[in-house]
Asker: 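Take this structure first; my questions come after.
Letters A, B, ... mirror the listed sequences (proteins, then strands); counts begin at 1.
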There are 2 protein chains.
Amino acid sequence: MSPKELDELDYKILSELMKDARKSVREIAKAVNSSPATVHSRLQKLIKKGVIRGFIPLVDSSKVGYPVTAIIMVSAKGEMLRKLEEELRSIKNVIAIYDITGDYDLMIIAKFRDMEGLDVFVKDLLAREEVVKTLTHIAFNVVKEDLRLPL
Amino acid sequence: MSPKELDELDYKILSELMKDARKSVREIAKAVNSSPATVHSRLQKLIKKGVIRGFIPLVDSSKVGYPVTAIIMVSAKGEMLRKLEEELRSIKNVIAIYDITGDYDLMIIAKFRDMEGLDVFVKDLLAREEVVKTLTHIAFNVVKEDLRLPL
DNA sequence: CATGAAACCCCTCGGCC
DNA sequence: GGCCGAGGGGTTTCATG
């Protein structure tokens, strides 16, 4: 947690990557007024520091066989929450998990090939001892889904 | 909406990109037993079809100045919902918007530099005529946030 | 820590199957 | 539709300021 502190060049490089994460090091260098070698080494550092956790394509999930998006609120007995989270984290249908304030402890966003997949997922959750109750919302329309942030 | 239907090669290429969206066309070709030229043309088609909407870095939001994540449920009068959505979509702090079933109409996930940013956002929402009520959950821990899907 | 240069590697396109 | 080859670029390392 010590060698952090991003400088302006780091932020500029991140901004360019947010426009297009496949942009070449050379192009980025041109856009940020630096050299390819410098951009390359900054990029490696950003990855090593964990600021950048990877590069992914933004895929339209309904076009690749996952038309069902659900938001599942979970109320759980505290002691087992960490273990539940670890298990949920490794389930590939789950795209987001948040610990939240309010009537529920956990919010899960997950995508499924069909309603049956969702049904099985929720029933499996409810079958667990540490899960007290769940509340499922179906997302019948994904208006936006894009992790980019303004830097 | 007609020339869709992805074949196995398309799915393999998408899978390689999910592992690392900066992977070179040549490396992808090697991994999927095809040629760089073929992978290149498939990739262009996937982008043109809208299956791939872009390439982004997965950034740790708390490390780039956005430590506050909130989930905001919104209940709104139906006629103005589309306009509200369009406006929300262009707000860069908003990373996801879903039309949902249940007691609320909309679920928004947004990130902020501090609590004040969240406060302003929610108050602006409530000031709108079409917004009936909101319910905000703070995510005090982001357990997972990764849009990749198993293909 | 940033840079330029050089060696190596890759992208992309037109022509062909 | 897929593949090959070539030319123009791109990436990465290293020695130097």
Asker: Rounded to whole Å, please give me the gap between CD1 in B/Ile47 and C1' in C/dT12.
Answerer: 14 Å
Asker: Quick one, which residues of residues 16-31 of chain A touch DNA chain D with a heavy atom under 4.0 Å?
Answerer: A/Ser24, A/Val25, A/Arg26
Asker: Tell me the salt bridge (charged side-chain N to carboxylate O under 4.0 Å, His left out) pairs involving residues 17-38 of chain B, sequence neighbours left out?
Answerer: B/Glu16-B/Lys19, B/Glu16-B/Lys23
Asker: Tell me every residue that passes side chain to side chain contact (heavy atoms under 4.5 Å, CB included) with B/Asp119, counting only those two or more places apart in sequence or in another chain.
Answerer: B/Lys123
Asker: Is B/Met80 isolated, or which residues cluster with it under the ILVMFWY side-chain rule of less than 4.5 Å, directly or via members?
Answerer: none
Asker: Only counting residues at least two apart or in another chain, list the ones meeting ring pair (Phe, Tyr, Trp, His ring centres under 6.0 Å) with B/Phe121.
Answerer: B/Phe112
Asker: Before accepting this row, confirm whether a basic side-chain N of the pair A/Arg148/A/Asp146 lies closer than 4.0 Å to the acidic partner's carboxylate O.
Answerer: yes
Asker: Send over the distance from B/Asp7 CG to D/dG1 P, rounded to a whole Å.
Answerer: 11 Å
Asker: Residues in side-chain hydrogen bond (donor to acceptor under 3.5 Å, both in side chains) with B/Tyr104, at least two apart?
Answerer: none
Asker: Applying salt bridge (Lys or Arg N to Asp or Glu O under 4.0 Å), name anything that partners B/Arg89, two or more places apart in sequence or on another chain.
Answerer: B/Glu86
Asker: Which residue pairs pass the salt bridge (charged side-chain N to carboxylate O under 4.0 Å, His left out) test when at least one of the two sits in residues 31-42 of chain A, sequence neighbours left out?
Answerer: A/Asp7-A/Arg42, A/Asp10-A/Arg42
Asker: Let me test you: for the helix from C/dC1-D/dG17 to C/dC17-D/dG1, what is the angle between the axes at its two ends (five pairs each), rounded to 10 degrees?
Answerer: 30°
Asker: Rounded to whole Å, how long is the line connecting atom CD of A/Glu8 with atom P of C/dA2?
Answerer: 13 Å
Asker: Would you be so kind as to tabulate the donor-acceptor pairs closer than 3.5 Å made by side chains of residues 67-79 of chain A, with sequence neighbours excluded?
Answerer:
{"unit_1": "A/Thr69", "atom_1": "OG1", "unit_2": "A/Lys111", "atom_2": "NZ", "d": "3.1"}
{"unit_1": "A/Lys77", "atom_1": "NZ", "unit_2": "A/Glu129", "atom_2": "O", "d": "3.1"}

Asker: Using whole Å, what does the distance between atom P of nucleotide D/dT12 and atom NZ of A/Lys45 come to?
Answerer: 15 Å
Asker: Has B/Ser35 got a side-chain N or O lying under 4.0 Å from the OP1 or OP2 atom of D/dG2?
Answerer: no
Asker: Nearest whole angstrom, please: distance from the C1' of C/dC13 to the CG of B/Leu43.
Answerer: 15 Å
Asker: Could you list the cluster mates of B/Val132? Members are the ILVMFWY residues connected by side-chain heavy atoms closer than 4.5 Å, either directly or through other members.
Answerer: none
Asker: On a heavy-atom basis, which atom in A/Arg113 and which in B/Leu151 lie closest, and how many Å separate them?
Answerer: NH2-O, 4.3 Å
Asker: Provide a list of protein-nucleic acid N or O atom pairs under 3.5 angstrom, restricted to nucleotides 13-17 of chain D.
Answerer:
none

